[in-house]
Every structure is written in C-alpha cells, then in structure tokens.
Amino acid sequence: MSVHLSAEKGQIAETVLLPGDPLRAQYIAETFLENPVQHNTVRGMLGFTGTYKGRPVSVQGTGMGIPSAMIYINELIEFYGCKKLIRVGSCGSYQESVHIRDLVLAQAACTDSNINNLRFGTANFAPIADFSLLMRAYQIATERGFTAHVGNILSSDTFYTDDPKEYERWARFGVLAVEMEAAGLYTLAAKYGVKALGIMTVSDHLITREETTAEERQLTFNQMIEVALDAALDVE
Ligand SMILES: O=P(O)(O)O[C@H]1O[C@H](CO)[C@@H](O)[C@H]1O
Ligand SMILES: O=c1cc[nH]c(=O)[nH]1
C-alpha cells in the first residue's frame with residue numbers, strides 16, 4: 001500500500017479514471033466495469049478495479065482541488081505504475097457557446113495555483129493533455145453525436161470567488177471552463193512521462209447561471225465516462 005491508498009501493488013490497472021467525487025467512482029465502477037473490486041476506502045476516497053470490454057481499468061476518487069488530486073495521482077503513478085490517467089470531472093462554463101451537459105476536452109489547463117511556481121519560479125510551465133488521448137476522445141465523442149469542445153481550461157484553487165465577474169478575464173482569452181484539478185494532473189503526467197487527459201461535463205454556467213443537480217453530478221455524465229473508457233482502450 002502507498003501512503004493514501006490501501007491497494008496492493010498490481011491491484012490497480014495501468015488505466016485509471018479519476019473523478020473528484022468518490023461516489024462518482026463507485027457509480028462508474030458499478031455501471032461500467034465488469035467484476036469491480038473495491039481497492040481503496042482510506043479517507044473514504046473510494047477506488048475500484050475491474051475490466052472494461054475485457055481490459056483492466058481502475059477508477060479512483062481524487063477529492064477536490066489540485067493538492068488532493070496530486071497526492072493520489074503521484075501515488076498512482078509512482079507506486080502503482082499507472083500510465084494512462086483520465087480525469088472525468090465536472091466544470092463550470094465560461095463561454096456562451098459551451099452549454100450545460102456539453103463535454104469539454106481540456107487541451108491545456110491554466111492555473112491560479114502555485115504548484116508550478118514552486119517548480120519553475122517566475123517562468124511558466126504550460127500543462128497540456130496527451131495528444132493521442134485527446135484526439136481519440138474527440139473522435140469518439142463526435143462519432144457518437146456528443147457535443148464536445150476542445151480547448152483551454154482553468155484549474156482554479158478556489159470554487160467561491162470574491163468577484164463573480166472574475167471569469168471574464170479568462171473568457172476573453174478563450175478559456176472554455178473552470179474546474180480544479182487538471183493542471184495538477186497534466187503537470188505530473190509530464191514529470192513522469194505518462195499519458196493524461198481531462199474530460200469534463202459542464203455542470204453549471206458562470207454566465208447563464210444554469211446548473212445541474214448534485215445527483216446529476218454524482219450519478220450521470222455517462223457520455224463523458226463512455227468517451228474516457230473507449231479512448232483509453234484505443235490508445236496504447
Ligand atoms: O466533479 P469533480 O470531478 O469533483 O470536479 C469539479 O467539482 C469540484 C467542485 O465542485 C471540483 O473538484 C471541480 O474540479
Ligand atoms: O470547479 C468547478 C466545477 C464546476 N463548476 C464550477 O464553477 N467550478
């Protein structure tokens with residue numbers, strides 16, 4: 001076991017889906033995986049391993065925010081040897097053209113977190129998705145008629161902001177949506193030379209103020225999961 005995960009070495013697959021919400025991890029395992037076995041309950045951050053179309057796949061909750069997610073991602077890569085990590089999360093839209101329940105495939109992730117200033121000082125590192133996973137995910141989404149947007153997102157350290165219009169400065173530069181983990185995932189994937197992608201479903205809209213329910217965020221978003229699983233299967 002690693003510091004925050006109780007699985008034995010070899011019990012977690014090379015491909016891992018990473019929802020922030022541990023109950024979404026359970027839903028994914030029970031809905032999409034064959035023979036899922038729970039491999040983690042430490043801190044209630046549920047993790048499962050099963051098969052998808054006969055191939056081993058794990059799903060591990062990461063909690064909310066870059067610091068929490070990076071703990072799990074670090075241990076998954078360093079201790080368990082995970083090689084394809086796909087975040088399946090919710091996000092808030094920053095653009096009129098990106099509607100609730102649409103998919104956002106994060107080509108890159110800006111951040112207001114200090115994680116990379118700690119590494120690179122005043123220089124900026126650009127956290128980006130694995131191109132093969134990104135391309136395949138986009139192909140699968142469009143083949144199935146899902147609405148998918150590819151572009152830049154913001155991984156923010158804050159969910160609640162003092163200024164409700166703060167999103168405008170990011171939106172002006174084409175940022176599609178906000179969530180709280182992808183920049184951390186992409187940074188660690190670059191550091192360790194593994195493949196990563198963030199696929200998010202729009203759960204709420206910063207401009208129109210439309211939103212999905214907590215139950216939807218926990219239990220639905222099936223299009224995103226299908227795209228993540230099939231893209232992972234198709235990319236070596
Ligand atoms: O739905 P998840 O995957 O948790 O993702 C988003 O939702 C949480 C905030 O409500 C943050 O973790 C954010 O990134
Ligand atoms: O981090 C997030 C996730 C969903 N919606 C938001 O506004 N922010």
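Whatever order the structure lists them in is the order used to number ligands and atoms, beginning at 1. Count residues from 1 along the sequence. Computed from a predicted model, the values in this text were never measured in an experiment.
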Open item on the list: Give me the nearest non-hydrogen protein atom to atom 11 (C) of ligand 1 as residue plus atom name, then the distance to 0.1 Å.
Closed with: Glu181 OE2, 3.5 Å
TODO: If you have a sec, work out which protein heavy atom is nearest atom 7 (O) of ligand 1 and how many Å separate them, to one decimal?
DONE: Ser90 OG, 3.2 Å
Open item on the list: Counting non-hydrogen protein atoms only, what is the nearest one to atom 5 (O) of ligand 1? Give residue, atom name and distance.
Closed with: Arg87 NH2, 2.8 Å
TODO: Quick one: look up the protein heavy atom nearest atom 4 (O) of ligand 1 and list residue, atom name and how far away it is.
DONE: Gly20 CA, 3.4 Å
- [ ] Quick one: look up the protein heavy atom nearest atom 8 (N) of ligand 2 and list residue, atom name and how far away it is.
- [x] Phe159 CE1, 3.5 Å
TODO: Examine the proximity of ligand 1 to Arg24 and report which part, side chain or backbone, both or neither, has a heavy atom under 4.0 Å away.
DONE: side chain
Open item on the list: Test your reading of the structure: does Ser90 have an N or O sitting under 3.5 Å from an N or O of ligand 2?
Closed with: no
TODO: Have a look at Met180, His205, Met64 and point out the one with the heavy atom closest to atom 1 (O) of ligand 2.
DONE: Met180
Task: Sub-3.5 Å N/O-N/O distance, Met180 and ligand 1 - done: yes
Task: Reported CD1-to-OG distance for the pair Ile66 and Ser113, which is rounded to 0.5 angstrom - done: 4.0 Å
TODO: Consider every N or O of Pro19 and every N or O of ligand 1, then say whether any pair is closer than 3.5 Å.
DONE: no
TODO: Assign the ring pair Tyr27 / Phe32 to parallel, tilted or perpendicular, where the plane angle (0 to 90°) is split at 30° and 60°.
DONE: perpendicular
Open item on the list: Working note: Ser132 + Asp130, criterion side-chain hydrogen bond (donor to acceptor under 3.5 Å, both in side chains); need CA distance, chi angles, decisive distance, verdict.
Closed with: CA-CA 6 Å; Ser132 53; Asp130 174 74; 2.4 Å; yes
Task: Closest protein heavy atom to atom 5 (N) of ligand 2, given as residue, atom name and distance to 0.1 Å - done: Asp204 OD1, 2.8 Å
Task: Residue and atom name of the nearest protein heavy atom (relative to atom 10 (O) of ligand 1), distance in Å to one decimal - done: Phe159 CE1, 3.5 Å
